[in-house]
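The figures that follow rest on heavy atoms only: side chains count, while hydrogens, waters and symmetry mates do not. In what follows, residues are counted from 1 in the order of the sequence shown. Whatever order the structure lists them in is the order used to number ligands and atoms, beginning at 1.
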Amino acid sequence: MQNKFISDKIAIIGIGLIGASIALAIKHKKLPFTVAVYDRDEAVRAEARALSIGDSVADELAKAVVGAGLVIMAVPVGAMASVMQLAASHLSPGCVVTDTGSTKRSVIRDTIGLVPEGCHFIPGHPLAGTEFSGPGAGFPSLFEGRYWLILPNGADAEKVSALEDLLAGLGAMTEQMSADYHDRVLAITSHLPHLIAYTIVGTAVDLEQDLKNDVIRFSATGFRDFTRIAASDPTMWRDVFLNNDEAVLEMLQRFSEDLSYLQRAIRWKEGDKLFDMFTRTRDIRRSIIDAGQD
Ligand code: NAP
């Protein structure tokens, strides 16, 4: 691939699962960039050095972003604006700034006014992740075959294409959409499932001790899968729910109505209703497998 940014330096702010995976993928795929990474946490920076994440690990945010053609903010969504505030006066004119945050309306609302004139802000969101966090959780194939949504939001088409080329170089498939649409889709596909997982596991935690021990001992795949999702990073997910509240509450309302429908069907022994619903949901699983996204 060819570098279409103003320089071949990429700065990644936040060296967690996502930031580390981007840096590792750039190196693994031998893309023509040098990568400077920065994290506010000294222990995380030390771990990044030990794991050789990025070509350099900066001790100050300014040193990472100076001269960069692309700056990627891979911090929790509640921290995006403060990162942009610190970076703004050190950005080179013509550089592209993107983020990897799981909510988009809030990131745009909080950040866009802080981006200096002459820089191009193109929000993004990789639909790839695991329940692990920190630099050690990163791996270079994380984005392989996964969607990476970008929200050009009126940005320069050439800069958008430069970003899309890089993301394709990481193995991702890009798709453009609006922030409103993004937040509604993700509310149902990602945010609500996490909320349900946190709730189910929370309910189990509150059971009386003997029952709780046996839930853990005999956890069949159903509960075990929920515990995997509910082990996700608390800071990241707190920020997601606080920043996509409107769409999550809308989907939660719909979910509650459907849950009441099933509750009623169980109470009145309406097997046909249960069977019909479970047949329809099975088809969704097949479509996901057919689309290669399982
Ligand atoms: P992570 O593993 O928790 O890493 C985030 C890193 O950013 C942490 O080391 C954190 O340090 C650091 N950080 C926080 N505030 C900072 C600041 N102001 N300046 C510099 N560094 C800061 O998180 P992640 O999973 O990589 O997620 C990063 C972003 O990608 C989030 O916005 C998330 O919504 C999004 N995302 C995540 C996934 C996923 O499955 N994990 C998938 C797609 C998108 P501290 O530990 O000191 O806070």
Could you verify whether a donor N or O on one side chain and an acceptor N or O on the other, from His191 and Asn244, lie under 3.5 Å apart?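 Yes, side-chain donor-acceptor contact under 3.5 Å.
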From [options] - option closest to [atom] by heavy atom:
| atom | options | result |
| --- | --- | --- |
| atom 42 (C) of ligand 1 | Ala128, Gly134, Gly129 | Ala128 |
| atom 32 (O) of ligand 1 | Leu17, Val75, Thr100, Leu149 | Val75 |
| atom 43 (C) of ligand 1 | Ala87, Gly14, Pro126 | Pro126 |

Do side-chain atoms of Asp99 reach the backbone of Gly124 as a donor and acceptor pair under 3.5 angstrom?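 Present.
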What protein heavy atom lies closest to [atom]? Include the residue and the distance to one decimal.
| atom | answer |
| --- | --- |
| atom 33 (C) of ligand 1 | Ser102 OG, 3.5 Å |
| atom 21 (N) of ligand 1 | Arg40 N, 3.4 Å |
| atom 28 (C) of ligand 1 | Ala74 O, 3.3 Å |
| atom 14 (C) of ligand 1 | Pro76 CD, 3.5 Å |
| atom 4 (O) of ligand 1 | Gly16 CA, 3.1 Å |
| atom 27 (O) of ligand 1 | Ile18 CG1, 3.9 Å |
| atom 11 (O) of ligand 1 | Asp39 OD1, 3.3 Å |

Using a 4.0 Å cut-off to any heavy atom of [X], which atoms of ligand 1 qualify?
| X | result |
| --- | --- |
| Met80 | 32 (O) |
| Asp41 | 47 (O) |
| Gly101 | 32 (O) |
| Ser133 | 1 (P), 2 (O), 3 (O) |
| Val77 | 32 (O) |
| Val83 | 17 (C), 18 (N), 19 (N) |
| His125 | 43 (C), 44 (C) |

Contact summary for [X] and [Y], nearest pair of heavy atoms:
| X | Y | answer |
| --- | --- | --- |
| Thr100 | His125 | O-CD2, 3.7 Å |
| Arg264 | Glu270 | O-OE1, 4.2 Å |
| Ala230 | Ala197 | CB-O, 3.8 Å |
| Val37 | Gly54 | CG1-CA, 4.3 Å |
| Leu170 | Ala25 | CD2-CB, 3.8 Å |

Counting only heavy atoms on the protein side, is anything nearer than 4.0 Å to atom 23 (O) of ligand 1?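 No; the ligand atom in question lacks any protein heavy-atom contact below 4.0 Å.
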Nearest-0.5 Å distance that lies between atom NZ in Lys212 and atom CD1 in Ile216: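 The NZ atom of Lys212 sits 6.5 Å away from the CD1 atom of Ile216.
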Can you tell me how far the OG atom of Ser56 sits from the CZ atom of Arg49, to the nearest 0.5 Å?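 Result: 9.0 Å between the selected atoms.
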State yes or no: do [X] and [Y] share one hydrophobic cluster built from I, L, V, M, F, W and Y residues joined by side-chain heavy-atom distances below 4.5 Å, directly or via other members?
| X | Y | answer |
| --- | --- | --- |
| Val77 | Tyr198 | no |
| Ile196 | Val248 | yes |
| Ile150 | Ile12 | yes |

Quick one: does Thr103 get a heavy atom under 4.0 Å from ligand 1?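 Per 4.0 Å heavy-atom rule, Thr103 does not contact ligand 1.
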Is there a polar contact between ligand 1 and Tyr38, counting only N or O atoms under 3.5 Å apart?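 N/O-N/O distance under 3.5 Å: no.
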